[in-house]
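Everything on this sheet refers to the single structure shown next.
The sequence lines fix the lettering, A, B, ..., with proteins before strands; numbering per chain opens at 1. This one's a predicted model, so the numbers in the text were calculated from it and none came from an experiment.
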Amino acid sequence: MSNNRIIDLKNISISLGGEQILKDMNLYINDGEFITLLGPSGCGKTTTLRIIAGFLEADSGDVYFSGKRINGVPPHKRKVNTIFQRYALFPHLNVYENVAFGLRVQKLPEKEIRDTVGDMLRTVNLSGFEKRNVDSLSGGQQQRVAIARALAVRPKVLLLDEPLGALDLKLRKDMQVELKNIQKELGITFVYVTHDQEEALSMSDTVVVMDSGVIQQTGSPLDIYNEPKNAFVADFIGESNIIDGVMRRDLLAEFSGRRFECLDKGFARGEPVDVVIRPEDVDVVPVEKGVLSGVVTSVTFKGVHFEIIVDVKGFKWMIQTTDCEAVGNTIGISVDPDAIHIMKKSMYSGLYGDYSSFSDELELLSDVSYEKEGLPDE
Amino acid sequence: MNKKGWGKKIAVAPYTVWMALFVVVPIVLVVYYAFTDQSGALSIQNIRSILDYRETFFISIQLALLSTVICLLMAYPVAFSISRMKAYRQQTMVMLVMLPMWMNFLIRTYAWMTILEGNGLINRFLHLLGFEGFNMINTNGAVVLGMVYNFLPYMLLPIYTVLTKIDKSTVEAAQDLGANRVSVFRRIYLPLSVPGVISGITMVFVPAVSTFVISKLLGGGKKFLIGDIIENYFLGSTGSINYNIGAALSLVLMLLILVSMTVMNHFDKDESAGFM
């Protein structure tokens with residue numbers, strides 16, 4: 001299958017400003033797939049993209065494109081194109097000339113340029129905007145110009161650096177669908193960088209979860225969600241209760257003072273593990289029927305469901321339920337075997353998964369810091 | 001609301017008074033003198049007599065244009081390479097460019113006299129090597145040299161400022177789309193630096209076309225630039241003083257500069273529209 005690989009990163013390490021950004025990273029990207037690099041601010045995802053684009057040279061390691069080593073090849077000679085975080089449109093050119101830029105550099109005949117630009121503007125629904133000044137466009141429209149501009153030169157691979165980060169939620173959802181459609185239609189490889197796990201899950205064929213310059217897990221969105229490899233992935237993708245536990249034997253885990261049947265095996269007897277239970281997989285039952293019981297400490301209405309925090313022997317669980325519970329109620333909890341996912345202990349154990357300090361506001365605050373990530377070095 | 005309005009008015013009052021006293025009144029005076037004769041009666045004789053100086057106007061504009069072009073050709077590459085240096089180096093380089101401006105304009109020009117003179121530094125050095133010296137002072141070349149030397153920073157700084165403001169990501173986008181170095185320069189840096197070039201040209205051409213000190217010191221005091229002639233009509237020997245013709249010449253020079261600035265700004269309308 002290796003001839004199917006369009007990009008191959010081998011043992012990539014890089015330090016910027018004395019700080020190690022990527023540590024011995026290995027990643028291959030298949031031709032035609034939609035792959036997403038997902039991770040928090042500073043995890044190295046934008047750096048990875050810039051190494052593929054040629055704007056950065058790795059300190060060590062090799063970059064292969066269609067089997068050919070392309071270390072040291074300057075950006076303008078690489079068959080990859082980038083959608084920049086803030087679009088980077090040419091302010092002195094109108095929409096038409098922005099899209100035509102790459103074609104003019106190639107000195108193509110005027111007619112061909114006109115046809116291609118027309119096609120591209122149609123693809124991104126901007127026909128009729130040719131003469132407009134790019135500064136007069138909305139964020140969404142500028143984004144479309146950037147996409148048309150990159151697609152006009154028919155790249156083999158399109159690199160997208162948080163392309164929807166600056167758009168509002170509604171527009172972002174629309175653009176997600178549109179980008180996915182464009183990718184399917186043209187059949188080119190998309191390498192997409194985001195810190196938004198929902199975006200990653202809904203658009204990608206493959207998700208690469210990164211943290212501190214290391215790939216934590218690579219897999220399909222379903223794998224990543226259902227079978228997270230460690231506490232970091234479990235916490236970063238969706239909501240998770242991550243509980244300290246011990247494997248008593250195959251298919252039997254012990255946590256919160258109880259033994260639970262589960263579907264995981266291959267652990268040593270008595271091996272300490274992290275147990276992941278998704279909030280939507282926990283059933284709220286009457287106290288006498290529950291395996292565990294706890295006191296409701298907070299209730300948040302989310303529209304489709306309630307998000308309740310329940311104190312079970314000092315550990316705060318997040319549970320999503322359609323039943324309305326009141327703060328202070330004692331409720332029973334039961335968990336099916338297939339809702340339990342067992343992970344080996346890692347450097348992330350104990351850092352995540354308890355909702356003691358949970359608050360929506362905190363989460364919003366931490367989102368803001370992502371905006372700053374991956375700016376060109378200043 | 002009213003209070004706010006008053007506060008604003010008081011805040012700008014000193015400037016308004018200053019402008020009225022030292023800009024509006026002088027211009028009104030210039031216009032008045034230009035259209036009256038020495039007895040104070042209305043006259044267009046002064047304006048008509050300007051035709052006698054068309055050659056002087058021509059040579060002033062010619063020398064000013066030449067200096068502007070030389071400044072541009074010298075300043076652009078320097079500004080470009082400074083703008084691409086590391087931040088701390090940029091500061092040092094910009095300071096070096098500004099350094100001569102810390103010294104008085106007159107002193108700097110006098111210094112050139114002592115360099116270019118018949119017995120000046122260059123000629124003495126040439127004699128020492130056994131060559132014949134040659135005449136440099138009191139030529140058009142010396143005047144142009146003086147202009148370029150004095151006005152070069154005014155060309156360099158605006159170009160440098162504009163170049164540093166160009167978003168790096170647009171440069172990367174151009175490279176990404178296949179543009180090599182030459183192409184990036186031609187398609188990104190050059191068009192985006194036009195506003196800086198325009199203001200540089202204005203800032204060099206305007207003082208160069210109206211200078212009289214440089215031509216007096218390095219051009220041998222022959223009244224051959226329009227600035228010298230104007231100066232002579234206002235500050236010359238008793239017999240030659242004629243405010244009316246001097247004012248007429250000044251007026252025409254002002255209009256000339258105004259017209260050329262308008263033309264320049266026309267090339268740059270997108271940018272200037274932002275300031276209006």
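- Contacts of Leu103(A) with chain B are absent, with no heavy-atom separation under 4.5 Å from either backbone or side chain.
- The interface of residues 144-153 of chain A with chain B, defined by heavy-atom distances below 4.5 Å, comprises Arg149(A), Ala150(A), Val153(A).
- The nearest pair of heavy atoms linking Asp176(B) to Asn81(A) is O-ND2, 2.8 Å.
- Contact of the Ile188(B) side chain with the His92(A) side chain is registered, since non-hydrogen atoms from C-beta on lie closer than 4.5 Å.
- Other residues, nucleotides and ligands contribute only 12 or fewer heavy atoms inside 6.0 Å of the CE atom of Met74(B).
- Distance check: Arg104(A) CZ to Arg187(B) CZ gives 7.5 Å after rounding to the nearest 0.5 Å.
- Heavy-atom neighbours of Phe105(B) CZ from other residues, nucleotides or ligands within 6.0 Å: above the threshold of 12.
- Scanning both residues, Gly178(B) and Val105(A), for their nearest heavy atoms gives O-CG1, 3.2 Å.
- Proximity to chain B among residues 117-128 of chain A is not found for any residue, judged by heavy-atom separations below 4.5 angstrom.
- Surrounding NZ of Lys180(A) are more than 12 heavy atoms belonging to other residues, nucleotides or ligands, all under 6.0 Å away.
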Trace of the side-chain contact (heavy atoms from CB on, under 4.5 Å) decision for Asp167(B) with Phe84(A): CA-CA 12 Å; Asp167(B) 189 352; Phe84(A) 292 86; over 6 Å; no
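- Within 6.0 Å of atom OH in Tyr76(B), more than 12 heavy atoms from other residues, nucleotides or ligands are found, so the atom counts as buried in its surroundings.
- Atom OH of Tyr28(A) has 12 or fewer heavy atoms from other residues, nucleotides or ligands within 6.0 Å.
- Atom OG1 of residue Thr170(B) and atom CZ of residue Arg86(A) lie 12.5 Å apart, to the nearest 0.5 angstrom.
- Looking at Ala174(B), both its backbone and its side chain come within 4.5 Å of chain A, counting heavy atoms on both sides.
- Among all heavy-atom pairs drawn from Ala173(B) and Ala88(A), the shortest one is CB-O, 3.7 Å.
- For the pair Pro91(A) and Leu192(B), the tightest heavy-atom approach, listed with the atom from each and the gap, is CG-CD2, 3.7 Å.
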